[in-house]
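Input: a single structure, listed below in structure tokens.
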Amino acid sequence: VLYISMTRRLKCEIKQKMNAEASLRVSELEKEAILNGISSHIAFLDPDLKVRWVNKRIEDVLGKSTEQLRGEHCYKLWAEIDEPCTNCPSAKALSSGKSERSLMTDSQGVIWDSRGEPVFDNEGNVTGVVEISLDVTDLKRAEEALVLSEQRYRLIFERSPLGIIHFDTGGKILSCNAKMTEMLGIPQVEIAGRKLSELIQGDFVNQFMELAEEMDAAVLEGQFSEIT
């Protein structure tokens, strides 16, 4: 009877262990599918910044499997250098034990928004870091182009031989250039915030107001011999 009881208990424990292992395999496959489906570059690195695991996105870009990349220093793979990158978020995360973030540029000129997320054991010790990088090259180029465009607009706005007033749909003046300040004979700081109708009158102002109602704001531009 004792033998049968022990056998049943052993079978039950074996079945529970097999079920747990099966659930664990399913969970691991699900996590791997999620990580591989993300367009960001994701790598799990050890405390020496050596690869333990990479997602499929990195495998495809480098043309190598996780097994082939395991043990390689990340900075040799990404930047082709022999020491950690300057301002490396993963190195900083390993040191600080906190999430770190940096903009990085690789040897090909690609700009990466990179984050280092420390990984801890049950005792709170840092055992590695997850590095997550997203290619933001196009975004940064667009931002730079926008800044240049705004700088050009500001230069044209300020140096225009015409008086220019920028106002919203309610006729409130948002800004004006130096020429308009000269024409009005009022300091620029006293113009912003006032109503357009307080400073300029005439049918053409009403026409501009009608135009402004169709947009978020409008620009009144002109060269006047007299302003009343």
Side-chain angles (χ1 to χ4, degrees), residues 38-42 57 78-79 85-93 95-118 130-228:
I38 296 174
S39 59
S40 298
H41 290 199
I42 303 176
R57 179 64 175 170
W78 314 152
C85 303
T86 302
N87 205 33
C88 172
S90 294
K92 291 195 293 185
S95 176
S96 68
K98 300 184 298 183
S99 176
E100 301 284 354
R101 186 174 184 176
S102 300
L103 279 180
M104 313 287 292
T105 303
D106 66 18
S107 58
Q108 306 300 317
V110 179
I111 302 173
W112 299 94
D113 182 355
S114 299
R115 299 199 313 274
E117 303 290 344
V130 176
E131 184 172 282
I132 306 169
S133 299
L134 178 66
D135 183 351
V136 294
T137 306
D138 291 343
L139 175 61
K140 289 301 174 182
R141 297 285 185 264
E143 288 177 351
E144 291 171 1
L146 179 60
V147 170
L148 289 175
S149 177
E150 290 176 344
Q151 290 174 344
R152 293 193 193 100
Y153 166 77
R154 177 55 56 182
L155 186 62
I156 294 171
F157 181 82
E158 292 295 343
R159 297 187 179 182
S160 173
L162 303 178
I164 303 175
I165 291 181
H166 181 203
F167 58 95
D168 65 16
T169 55
K172 178 182 176 180
I173 298 174
L174 305 176
S175 62
C176 68
N177 67 348
K179 182 62 177 179
M180 182 59 76
T181 299
E182 176 188 332
M183 294 165 64
L184 292 172
I186 303 173
Q188 198 167 26
V189 293
E190 296 181 13
I191 296 176
R194 296 179 67 174
K195 287 287 187 177
L196 185 63
S197 57
E198 295 178 24
L199 303 177
I200 303 175
Q201 299 176 357
D203 293 339
F204 67 92
V205 175
N206 295 329
Q207 294 173 2
F208 268 93
M209 286 301 303
E210 292 176 1
L211 178 62
E213 290 177 358
E214 300 176 3
M215 304 180 290
D216 292 332
V219 173
L220 175 61
E221 180 178 309
Q223 187 167 9
F224 311 100
S225 59
E226 182 180 358
I227 296 180
T228 58

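Everything quoted here is computed from the prediction, not taken from an experiment.
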Worksheet item: Are H41 and W78 close enough, and set up right, to give a ring pair (Phe, Tyr, Trp, His ring centres under 6.0 Å), and what steps lead you there?
Response: CA-CA 11 Å; H41 290 199; W78 314 152; 7.1 Å; no

Check [X] against [Y] and note the closest heavy-atom contact, atom names and distance.
X    : Y    : answer
N87  : M104 : O-SD, 3.6 Å
S40  : L134 : OG-CD1, 3.7 Å
E100 : P89  : CB-O, 3.4 Å

Worksheet entry | Audit row: I164, M180, side-chain contact (heavy atoms from CB on, under 4.5 Å) steps and yes/no | CA-CA 6 Å; I164 303 175; M180 182 59 76; 5.8 Å; no

Worksheet entry | The single option from S133, S102, S90 passing side-chain hydrogen bond (donor to acceptor under 3.5 Å, both in side chains) against S114 |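 Considering S133, S102, S90, a side-chain hydrogen bond (donor to acceptor under 3.5 Å, both in side chains) with S114 is found only for S133.
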
Any residue meeting side-chain hydrogen bond (donor to acceptor under 3.5 Å, both in side chains) with [X], in chain and number order, not counting sequence neighbours:
X    : result
E182 : none
D113 : R101
K172 : none
Q188 : none

Practice prompt. Would you please test H166 and C176 for side-chain contact (heavy atoms from CB on, under 4.5 Å) and show each step?
Written response: CA-CA 6 Å; H166 181 203; C176 68; over 6 Å; no

Fill in: Test log, rule side-chain hydrogen bond (donor to acceptor under 3.5 Å, both in side chains), inputs W112 and D106
CA-CA 8 Å; W112 299 94; D106 66 18; 3.0 Å; yes

Worksheet item: Would E117 and R115 pass as an ion pair if we require N to O under 4.0 Å?
Response: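 A salt bridge is present here (some side-chain N lies under 4.0 Å from a carboxylate O).
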
Worksheet item: Does R154 come within less than 4.0 Å of E158, counting only side-chain N to carboxylate O?
Response: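 Salt bridge present between R154 and E158.
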
Worksheet item: What's the spacing between I173 CD1 and E190 CD if we round to 0.5 Å?
Response: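 Going from CD1 on I173 over to CD on E190, the span is 12.0 Å.
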
Discussion item. If the condition is side-chain contact (heavy atoms from CB on, under 4.5 Å), which residues does I156 pass it with, not counting sequence neighbours?
Written reply: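 Not a single residue meets the side-chain contact (heavy atoms from CB on, under 4.5 Å) criterion with I156.
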
Fill in: Those residues that, when tested against T105, pass side-chain contact (heavy atoms from CB on, under 4.5 Å) (two or more places apart)
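T105 satisfies side-chain contact (heavy atoms from CB on, under 4.5 Å) with I111 once adjacent residues are dropped.
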
Item to complete: Measure the shortest side-chain to side-chain distance between V130 and I42 over non-hydrogen atoms and say whether it is less than 4.5 angstrom.
Response: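 Side chain of V130 against side chain of I42, heavy atoms only: contact under 4.5 Å found.
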
Item to complete: Determine yes or no for a side-chain-to-main-chain donor-acceptor pair under 3.5 angstrom, with N177 supplying the side chain and G163 the backbone.
Response: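 Here the side-chain-to-backbone pair does not exist.
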
Item to complete: Determine, stepwise, if the pair L103 / K140 fulfils side-chain contact (heavy atoms from CB on, under 4.5 Å).
Response: CA-CA 10 Å; L103 279 180; K140 289 301 174 182; 3.6 Å; yes

Worksheet item: Please walk me through it: do L148 and E144 pass side-chain contact (heavy atoms from CB on, under 4.5 Å)?
Response: CA-CA 6 Å; L148 289 175; E144 291 171 1; 5.6 Å; no

